[in-house]
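In this chain, numbering begins with 1 at the start of the sequence shown. A quick note: this is a predicted structure, and the numbers were derived from the prediction, not measured.
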Amino acid sequence: MEALRLIKTARHALAEARNVPDVLAEARQAALLTEAVGARLAELDDGELAGLGQQLAEASSHAAGCLDHSSGDSSALLGLGVGGRAGRLTEIGALPPVLAELGALLRDVGETLVVLACGADTESLYWTCIDGVDAGADCKDLVARLGQAVRQAAGEYEREQAEPAVTGPPSKPQASEEDRPLLVLRLGPPPGRSEARAPDDCSSARSAVTEVSSSCSCSNRLFGMAGTADASGAGCCCTAGASDQGSDMSGPLRIGSAV
């Protein structure tokens, strides 16, 4: 099966996951699929793309290991076979759309894991989510570098940089993502428990979580899985009225409404 179709299927499955084991299983499947795509790219003749593909395969393998948490209890793995979706990959296809969709899948995974970490009721689940966000951020960066390398190879990147601004009547200014108010949340292990695991250097994980959490709103659907927020909204990083995008393939990437 082509990579683009598998990636879209993975995004849809992640959006449809309704419990913690299924979400973690789908996140791990996404990492394994990314590893398979990276391994295929590592076989290309282009030296730069092959090198980045090898790095992506290694980073995705690490991410899959971080997310290996009680996946055997998940019903999401039924019918996928031993190799999962990654085992169904037969060809890559056109690289630009594949890399764009793969980056969106990794963004889905990162935002979903942040939501799960917000409601985690055990330290084990919390650190699984945080480690997954950190490892997924490395994969997403490599996919972005691959996309830029593909555009450079096609000569499109230079044309985009040199292209003059389009003149025309002034349009109504729109608020950019940076101008929109963001709700900053402080993540930490579940209260009332001893910190059984505290990494020596968690700066990379903290920066990855901050980056992901700044672009997503929490979903009431996922908060019901891993803990219950109190009535005042403590422990939740969204306001009332959040919506669930369901199975429209945008998935938990855009969960909730703008804050």
Side-chain angles (χ1 to χ4, degrees), residues 1-11 14 27-67 83-113 131-166 176-178 203-205 207-212 214-216 249-251 253-254:
M1 190 179 295
E2 284 191 353
L4 185 60
R5 183 178 176 185
L6 284 170
I7 295 169
K8 288 183 176 180
T9 301
R11 293 188 68 191
L14 182 63
R28 186 169 185 270
Q29 283 293 308
L32 292 173
L33 180 57
T34 304
E35 179 185 4
V37 171
R40 291 297 183 96
L41 294 177
E43 299 173 357
L44 297 177
D45 295 331
D46 187 295
E48 183 180 7
L49 293 180
L52 289 173
Q54 181 63 36
Q55 294 180 47
L56 179 61
E58 294 173 358
S60 303
S61 176
H62 172 65
C66 292
L67 294 168
R85 293 191 186 90
R88 299 180 180 180
L89 180 64
T90 57
E91 57 181 311
I92 295 295
L95 285 180
V98 167
L99 293 175
E101 194 71 17
L102 186 59
L105 172 61
L106 293 172
R107 191 179 71 229
D108 281 8
V109 171
E111 294 184 357
T112 303
L113 290 176
D131 290 343
V133 170
D134 188 22
D138 293 337
C139 298
K140 189 171 64 173
D141 290 344
L142 287 168
V143 169
R145 290 173 59 188
L146 277 164
Q148 180 175 334
V150 170
R151 293 196 301 273
Q152 287 177 333
E156 296 176 1
Y157 186 75
E158 289 79 6
R159 287 199 297 269
E160 291 174 2
Q161 295 297 99
E163 190 172 278
V166 178
S176 63
E177 292 292 337
E178 291 78 6
S203 58
S204 60
S207 62
V209 171
T210 302
E211 176 187 356
V212 173
S214 65
S215 63
C216 77
M249 282 207 178
S250 65
L253 263 168
R254 307 303 303 172

Handout entry: Non-neighbouring partners of L6 that pass side chain to side chain contact (heavy atoms under 4.5 Å, CB included), sequence neighbours left out
Key =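 By the side chain to side chain contact (heavy atoms under 4.5 Å, CB included) rule, L6 matches M1, L33, R85, R88, L89.
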
Practice task
Go through the steps for L142 and R145 under the test side-chain contact (heavy atoms from CB on, under 4.5 Å), then give the verdict.
Solution key: CA-CA 5 Å; L142 287 168; R145 290 173 59 188; 3.8 Å; yes

Restricting to non-hydrogen atoms, name the atom on [X] and the atom on [Y] that form the minimum distance, rounded to 0.1 Å.
| X | Y | value |
| --- | --- | --- |
| C139 | A63 | SG-CB, 4.3 Å |
| A57 | A39 | CB-N, 3.8 Å |
| L14 | A27 | CD1-N, 4.3 Å |
| A149 | L49 | CB-CD2, 3.7 Å |
| P96 | V150 | CG-CG1, 4.0 Å |
| V133 | G110 | CG2-O, 3.8 Å |

Could you tell me the separation between the [atom1] atom of [X] and the [atom2] atom of [Y], rounded to the nearest 0.5 Å?
| X | Y | atom1 | atom2 | answer |
| --- | --- | --- | --- | --- |
| L56 | L106 | CG | CG | 7.5 Å |
| L41 | L99 | CG | CG | 6.5 Å |
| L4 | E91 | CG | CD | 11.0 Å |
| D131 | L67 | CG | CG | 8.5 Å |
| L44 | L95 | CG | CG | 6.5 Å |

Practice task
Can you run down the side-chain hydrogen bond (donor to acceptor under 3.5 Å, both in side chains) pairs that involve residues 52-67, sequence neighbours left out, and say none if there aren't any?
Solution key: Q54-E58

Problem - Summary of side-chain hydrogen bond (donor to acceptor under 3.5 Å, both in side chains) pairs that have at least one residue in residues 43-52, sequence neighbours excluded - result: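 For residues 43-52: none.
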
Handout entry: Other residues, nucleotides, ligands: >12 heavy atoms within 6.0 Å of R5 CZ
Key = no

Problem - Side-chain (R28) to main-chain (C66) donor-acceptor, under 3.5 angstrom - result: no

